[in-house]
Novice: 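Okay, handing you the structure first.
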Amino acid sequence: MSSFLPLTIRFVTGGSMVVSSIADARKALDGAWKNKEAPDYLAAARLVDDAMAGICRPAVAFDAFKQAAARQGLLRTADPSAALSMLDSLWSGDDQGPPR
């Protein structure tokens, strides 16, 4: 079961991965990044390892991972789900909801 809302990471080699847990983040950190010497990357790697060891809160580590991925341009934006689109439509008052 995932702990966080999923992020899609697109590596510099063109591959991608969905990250929704600290274990996923650890795997993603081993992928092809633009700069594995960048301070944000190094901090994220340390915090993810600490979270896996139980000495850092997972939310802190996941946020650091997300920030590092964003700074290197690896985060891929996700389209809203069909359910979210329907809720947005209902909230805005559009009459474009699902057929009745």
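For the single chain, residues carry numbers from 1 onward in sequence order.
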Novice: Has Trp33 got a side-chain atom pairing as donor or acceptor with Ala28's backbone, closer than 3.5 angstrom?
Specialist: yes

Novice: Can you tell me how far the SG atom of Cys56 sits from the CZ atom of Phe62, to the nearest 0.5 Å?
Specialist: 13.0 Å

Novice: Check Ala51 against Ala61 and note the closest heavy-atom contact, atom names and distance.
Specialist: CB-CB, 3.7 Å

Novice: Taking Gly14's backbone N and O only, do any of them form a donor-acceptor pair with Arg10's side chain (distance below 3.5 Å, no angle check)?
Specialist: yes

Novice: For residues Ala69 and Ile9, report the shortest heavy-atom separation together with the two atoms involved.
Specialist: CB-CD1, 3.7 Å

Novice: Compare all side-chain heavy atoms of Met17 with those of Thr8 and state whether any distance is below 4.5 angstrom.
Specialist: no

Novice: Can you list the residues that meet the side-chain contact (heavy atoms from CB on, under 4.5 Å) rule with Ala32, with sequence neighbours excluded?
Specialist: Phe11, Val12, Thr13

Novice: Decide side-chain contact (heavy atoms from CB on, under 4.5 Å) for Leu75 and Leu7; before the verdict, give the C-alpha distance in whole Å, the side-chain angles of both, and the deciding distance to 0.1 Å.
Specialist: CA-CA 7 Å; Leu75 278 184; Leu7 306 172; 4.1 Å; yes

Novice: Using side-chain heavy atoms (C-beta onward) and a distance below 4.5 Å, is Ile22 in contact with Arg26?
Specialist: no

Novice: Does some side-chain heavy atom of Pro58 sit less than 4.5 Å from a side-chain heavy atom of Phe4?
Specialist: yes

Novice: Less than 3.5 Å apart, which donor and acceptor atoms pair up between the side chains of residues 38-48 and the rest of the protein, not counting sequence neighbours?
Specialist:
residue: Asp40; atom: OD2; partner: Arg71; partner atom: NH1; Å: 2.9
residue: Tyr41; atom: OH; partner: Leu29; partner atom: O; Å: 2.6

Novice: Between atom CZ of Arg57 and atom CG of Asp63, what is the distance when rounded to the nearest 0.5 Å?
Specialist: 9.0 Å

Novice: Going from OG on Ser21 to NZ on Lys27, what distance comes out if it is rounded to the nearest 0.5 angstrom?
Specialist: 7.5 Å

Novice: I need the minimum non-hydrogen distance between Asp30 and Lys36, along with the two atoms involved.
Specialist: O-NZ, 3.4 Å

Novice: Do you know which two heavy atoms are closest between Arg76 and Ser16, and how far apart they sit?
Specialist: NH1-OG, 3.9 Å

